[in-house]
J.: 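For reference, the structure I am asking about is given below.
Each residue takes its place number in the sequence, starting with 1.
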Amino acid sequence: MSNKMNYINLLLAALGTTPQIITESLYQLMVVQHIPIQEIHLITTTEGKKRAEDNLFQNGEGPFFQFCREYGFSSTEITIKYHLIENQKGEPLSDIRTAEDNQAAADYFLKIVRSLTSRPETRIFATIAGGRKTMSAYLYLTMQLLGRDQDTLYHVLVHPENIESNPNFYYPPKSVEVMELLDRSKRPFSVPVKDIRIDMAEIPFVKMRRILNKDFINSIDKFSELVAITQDKIDRAQFEPEVEINLPDKIIIIKDQQHTYTIRLRPIQMCFYAYLARNTSLLNRKAGNLKAIKEMLNLYRQEYAILGVNERSFDYERLMQMRSKVNTQIRKSIPSPLLQEFLIIHSDEKYGGATFSLKLSPSRTRIITSD
């Protein structure tokens, strides 16, 4: 697929009440840039679909078909597919007005863009020129989350300005030299076809797909959840520190991009923290977690010749207290809340069986023992 002309080219649009963005885009892509478009995907409402059917397609006689005939393209070789935005009940929306509608629309844009970008043989040309502002925003954001290297995001600009968004302008015709149109006040005006220009303003966007796990992309249906996961990935890349857990010296050394911090803990707390760093999480049952307790106790006996520590030293209540004290020490020593989030011991706070965990990546953590 190294040759870009081998791609199946898709035009993707958020469609509102101005269906002429489709023929304007096709003109720029197919006539000006000589890029063949094989599929048109329209994310829209039932009202947007009706506008397109009534004004753009007109049962095979509308401006879309006129454009294809006039410029020598086969309309039968271009697949047109509507994607009707659904509410949370799976019902097509006629408009997007409520907060619930907006949330459902965001999830639907995620669903469609994920489906289209899952096809490696395709290249997407996505236009944000149509639809409500929220629809354009969701298309932009989902392309930013899921867009691939070969995909393009753009806005269509029509010159002169007095024909931009004119309901009777769809593309520069070949058959006439002067277009006769009506302005918003229904007054006639003329435009020489040679003076008409349609530009595609490419919009650069950061491709977040590169930092997302494929399983996350395929399993998450909520737009807000995917945004949160992506933000966490960005935070990790920018703020996650390198951490050295030095058991013999009873210190934790934290290095971020600008600073080095040292936190001194008690021996028993060091073993607790080292266990979490090594095992990712710990289920702290009221009935006890014998495997975890033995591992922490063995680590303690290996590193520290101090009496008075046994299995009871790592029981449910003592681990709860240890977590609180370690977190207090971390917050006192580390001024940055973002950095604290990586270092503190997190808990799902389930009564009777809390799971403790660290947000540190194993690749960024080093445990030093006396061996």
Side-chain angles (χ1 to χ4, degrees), residues 1-16 19 21-26 28-30 33 35-46 48-49 52 56 64 77-86 90 92-93 96 103-132 134-156 200 202-227 229-230:
M1 303 293 286
S2 60
N3 182 349
K4 66 180 182 180
M5 294 307 293
N6 289 335
Y7 285 120
I8 297 173
N9 297 309
L10 278 57
L11 172 60
L12 173 62
L15 187 63
I21 64 163
I22 303 307
T23 42
E24 292 168 356
S25 298
L26 291 174
Q28 166 62 217
L29 291 168
M30 299 179 75
Q33 297 190 48
I35 298 172
I37 297 296
Q38 287 89 11
E39 299 179 23
I40 299 173
H41 292 266
L42 306 175
I43 303 178
T44 189
T45 60
T46 56
K49 179 182 178 181
L56 182 64
F64 167 77
E77 293 179 3
I78 303 175
T79 301
I80 300 167
K81 184 172 179 58
Y82 292 103
H83 302 277
L84 297 182
I85 299 170
E86 300 171 348
L93 289 174
I96 301 172
Q103 182 179 339
D107 295 340
Y108 192 80
F109 270 85
L110 173 61
K111 172 185 173 182
I112 299 305
V113 174
R114 178 173 58 195
S115 174
L116 296 178
T117 56
S118 69
R119 299 164 55 190
E121 76 280 7
T122 64
R123 178 173 55 159
I124 294 174
F125 295 89
T127 174
I128 61 169
R132 284 186 175 272
T134 49
M135 293 171 66
S136 297
Y138 290 142
L139 180 54
Y140 178 88
L141 290 168
T142 49
M143 286 296 294
Q144 193 168 53
L145 289 167
L146 303 178
R148 305 156 301 177
D149 289 347
Q150 69 263 35
D151 298 327
T152 302
L153 192 65
Y154 69 94
H155 185 63
V156 174
M200 176 187 287
E202 184 172 343
I203 302 172
F205 62 100
V206 179
K207 295 178 174 68
M208 302 293 187
R209 191 185 190 100
R210 300 173 184 175
I211 66 172
L212 293 174
N213 183 290
K214 185 177 180 181
D215 292 336
F216 282 136
I217 292 174
N218 293 332
S219 63
I220 295 172
D221 295 326
K222 293 293 182 183
F223 175 81
S224 58
E225 187 177 347
L226 186 58
V227 169
I229 289 172
T230 306

J.: Using the side-chain hydrogen bond (donor to acceptor under 3.5 Å, both in side chains) criterion, which residues pair with Lys222? Sequence neighbours excluded.
T.: Asp107
J.: Under the side chain to side chain contact (heavy atoms under 4.5 Å, CB included) rule, collect the residues that match up with Thr152, sequence neighbours excluded.
T.: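 Per chain and number, Thr152 pairs via side chain to side chain contact (heavy atoms under 4.5 Å, CB included) with Phe125, Glu202.
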J.: Kindly check if the number of other-residue, nucleotide or ligand heavy atoms within 6.0 Å of NZ (Lys111) is above 12?
T.: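 At most 12 heavy atoms, drawn from other residues, nucleotides or ligands, come within 6.0 Å of this atom.
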J.: Before giving the answer on side-chain contact (heavy atoms from CB on, under 4.5 Å), spell out for Ile124 and Arg148 the whole-Å C-alpha distance, their side-chain angles and the decisive distance to 0.1 Å.
T.: CA-CA 9 Å; Ile124 294 174; Arg148 305 156 301 177; 3.8 Å; yes
J.: Return yes if a side-chain donor-acceptor contact under 3.5 Å exists between Gln28 and Gln33, otherwise no.
T.: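 Yes.
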J.: Sequence neighbours left out, what passes side-chain hydrogen bond (donor to acceptor under 3.5 Å, both in side chains) with Thr23? Give chain and number order.
T.: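 Partners of Thr23 under the side-chain hydrogen bond (donor to acceptor under 3.5 Å, both in side chains) test: none.
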J.: Under the side chain to side chain contact (heavy atoms under 4.5 Å, CB included) test, which residues partner Thr79, sequence neighbours left out?
T.: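 Residues passing side chain to side chain contact (heavy atoms under 4.5 Å, CB included) with Thr79: Glu39.
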J.: Let me know which of Thr117, Asp149, Thr230 forms a side-chain hydrogen bond (donor to acceptor under 3.5 Å, both in side chains) with Arg209.
T.: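 Of the listed residues Thr117, Asp149, Thr230, the side-chain hydrogen bond (donor to acceptor under 3.5 Å, both in side chains) partner of Arg209 is Thr117.
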J.: Using side-chain hydrogen bond (donor to acceptor under 3.5 Å, both in side chains) as the criterion, list what pairs up with Glu86, not counting sequence neighbours.
T.: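 So Glu86 forms no side-chain hydrogen bond (donor to acceptor under 3.5 Å, both in side chains) with any residue.
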J.: Please enumerate all residues that pass salt bridge (charged side-chain N to carboxylate O under 4.0 Å, His left out) together with Arg114, with sequence neighbours excluded.
T.: Asp221
J.: Got a sec, which residues hit ring pair (Phe, Tyr, Trp, His ring centres under 6.0 Å) with Phe109, two or more places apart in sequence or on another chain?
T.: none
J.: Do you know the tightest heavy-atom contact between Leu139 and Ala14?
T.: CD2-N, 3.9 Å
J.: State which residues pass side chain to side chain contact (heavy atoms under 4.5 Å, CB included) with Ala106; sequence neighbours excluded, sorted by chain then number.
T.: Tyr138, Phe223
J.: Looking only at heavy atoms, what is the nearest atom pair of Arg119 and Leu10, with distance?
T.: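 The answer is NH1-CD2, 4.0 Å.
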J.: Does Thr45 have any side-chain hydrogen bond (donor to acceptor under 3.5 Å, both in side chains) partners at least two apart in sequence or in another chain, and if so, which?
T.: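 Thr45 satisfies side-chain hydrogen bond (donor to acceptor under 3.5 Å, both in side chains) with no other residue.
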J.: Looking at Val156 and Ser25, what are the two nearest heavy atoms and their distance?
T.: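 Between these two residues, the closest heavy atoms are CG2-OG, 3.4 Å.
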